[in-house]
Amino acid sequence: MSISNNLRQLRLNSGMTQEQVAEKIGLTRQALSSYESGRTRPDIDMLVRLSEVYETDIDGIVYGQDRALKSMRILKRVSIFLHAIITLLTVMSSAFLWSANRFYAIQPGQVSAEEKILLETHIRLSTAWKTVDGVILTVAFVGFLSLLLLCAAWRCRIPMKSKLIYAASLAAGILAIAALFGIIDPVYAPLNYLITPICVVAEMLILFAIHFVSEFIQKRRGKGSEH
């Protein structure tokens, strides 16, 4: 992370606005905004004053060695890993079901010896599909809940824009993957593929909504304590 990103994250974690920080260090809000956007860089004297406001040291700002910034990096890695795992499992699940219906479809009626082998393979692939779907739902719930608990425990404040981008990219990705396999499936309709991704999105939205509400309550309490 750059100095500008570090400054922005430290301010978010402190719960202060740009106006509040600028007032503490004797700057205009525009000047502080310029630091956080990377348009200008603070000198040594300003870094010292900023480190005092954020209760860290200069290395914490310059190199991201502050405890809060380290927590944010860990949180970011966990969220990216969770995103990748859910996406990969969605591909696997959809591939199992599509393969069962595309290459091992069984016609109704009496099953011959050759078709019996196809049926057994079809059943194995279908079972794998259902198993992976169950894993996806479990991983998604535990993963999202863990992210929220880590956010609360480490008091990490993540911009709303970043949360929305993460949620939208994950939702769009897994829904698109499932829909694509569903469209080319000769037996099942796309809805059969979309049920699990829709449940994952619902889990994510519910847990994120709880997180948004808790953050809103904390902000209200913070403003109340100031008065």
Nearest 0.5 angstrom please: Leu82 CG to Met204 CE, how far? 9.5 Å
ILVMFWY cluster, Leu12 and Ile74 together (side-chain gap under 4.5 Å): no
Find the distance between CD (Gln30) and CZ (Arg39) and round it off to the nearest 0.5 Å. 9.5 Å
Leu118: which residues meet the side chain to side chain contact (heavy atoms under 4.5 Å, CB included) condition with it, sequence neighbours left out? Tyr104, Ile106
pair Leu97-Tyr188: side-chain heavy atoms closer than 4.5 Å: yes
Leu50 and side chain to side chain contact (heavy atoms under 4.5 Å, CB included): which partner among Asp45, Ile58, Leu32, Leu10? Leu32
Does Thr138 reach the side chain of Val142, with side-chain heavy atoms less than 4.5 Å apart? yes
Does the side chain of Ser51 pick up a donor-acceptor pair with the side chain of Thr56 at under 3.5 Å? no
My understanding is that only residues two or more places apart in sequence, or in another chain, count here; which of them pass side chain to side chain contact (heavy atoms under 4.5 Å, CB included) with Ser162? Ile158, Pro159
Scanning both residues in full, the closest heavy-atom pair of Leu7 with Pro42 reads CD1-CG, 4.2 Å
Between CZ of Arg11 and CD of Gln9, what distance do you get to the nearest 0.5 Å? 9.5 Å
Gap separating the CD1 atom of Ile136 from the OG1 atom of Thr90, nearest 0.5 angstrom: 4.0 Å
Checking the side chain of Asn6 only, and the main-chain atoms of Ser2 only, is there a donor and an acceptor separated by less than 3.5 Å? yes
Kindly indicate, with the supporting measurements, whether the criterion side-chain contact (heavy atoms from CB on, under 4.5 Å) is fulfilled by Leu170 and Phe144. CA-CA 12 Å; Leu170 178 58; Phe144 295 143; 3.6 Å; yes
If you define the side chain from C-beta out and look only at heavy atoms, does anything of Glu203 sit under 4.5 Å from Leu137? yes
Partners of Phe103 by ring-ring contact (aromatic ring centres under 6.0 Å, His included), sequence neighbours excluded? Trp98
In the structure I gave you, are the side-chain heavy atoms of Lys130 and Thr127 within less than 4.5 Å of one another anywhere? no
Atom CZ of residue position Arg8 - does it have more than 12 heavy atoms of other residues, nucleotides or ligands inside 6.0 Å? no
Determine the minimum heavy-atom distance between Leu150 and Leu75, stating which atoms define it. CB-CD1, 3.7 Å
Minimal heavy-atom distance between Met46 and Ile25, with the atoms involved, is SD-CD1, 3.8 Å
Would the number of heavy atoms belonging to other residues, nucleotides or ligands and lying under 6.0 Å from CD of Glu23 be above 12? no
Measure the CZ-CG distance between Arg41 and Leu47 for me, rounded to the nearest 0.5 Å. 8.5 Å
Return yes if some donor-acceptor pair links the side-chain N/O of Gln20 with the main-chain N/O of Thr17 below 3.5 Å, else return no. yes
When rounded to the nearest 0.5 angstrom, what distance separates CG in Leu191 from CD1 in Ile195? 5.0 Å
Find out whether Tyr54 and Met16 are in side-chain contact, i.e. whether some heavy atom of one side chain is under 4.5 Å from a heavy atom of the other. yes
Can you list every pair that meets ring pair (Phe, Tyr, Trp, His ring centres under 6.0 Å) and has a residue in residues 66-97, with sequence neighbours left out? His83-Tyr166
Side-chain heavy atoms under 4.5 angstrom apart, residues restricted to Ile, Leu, Val, Met, Phe, Trp, Tyr: same cluster for Leu205 and Phe212? yes
Hphob cluster co-occupancy, Val187 + Ile123, side-chain heavy atoms under 4.5 angstrom: yes
Counterpart residues, side chain to side chain contact (heavy atoms under 4.5 Å, CB included), relative to Ile165 (two or more places apart): Lys161
Please say yes or no: joined through hydrophobic side-chain contacts below 4.5 Å, possibly via intermediate residues, are Val78 and Ile86 part of one cluster? yes
Can you tell me if Arg49 has over 12 outside heavy atoms packed within less than 6.0 Å of its CZ? yes
Least distance between heavy atoms, Phe208 atom then Lys163 atom: CE2-O, 4.4 Å
With the 4.5 Å side-chain cut-off for hydrophobic clustering, are Ile80 and Leu147 part of the same group? no
When you look at NZ of Lys76, are more than 12 heavy atoms from neighbouring residues, nucleotides or ligands closer to it than 6.0 Å? no
Determine the minimum heavy-atom distance between Ala100 and Ser126, stating which atoms define it. CB-OG, 4.1 Å
Across all chains, not counting sequence neighbours, the side chain to side chain contact (heavy atoms under 4.5 Å, CB included) partners of Arg29 are Gln18, Glu19, Ser33
Would you please say whether a donor-acceptor pair under 3.5 Å links the side chains of Thr196 and Asp133? yes
Measure the shortest side-chain to side-chain distance between Phe181 and Ile177 over non-hydrogen atoms and say whether it is less than 4.5 angstrom. yes
Nearest atoms (heavy-atom pairs only) where Pro197 meets Leu194: CD-O, 3.3 Å
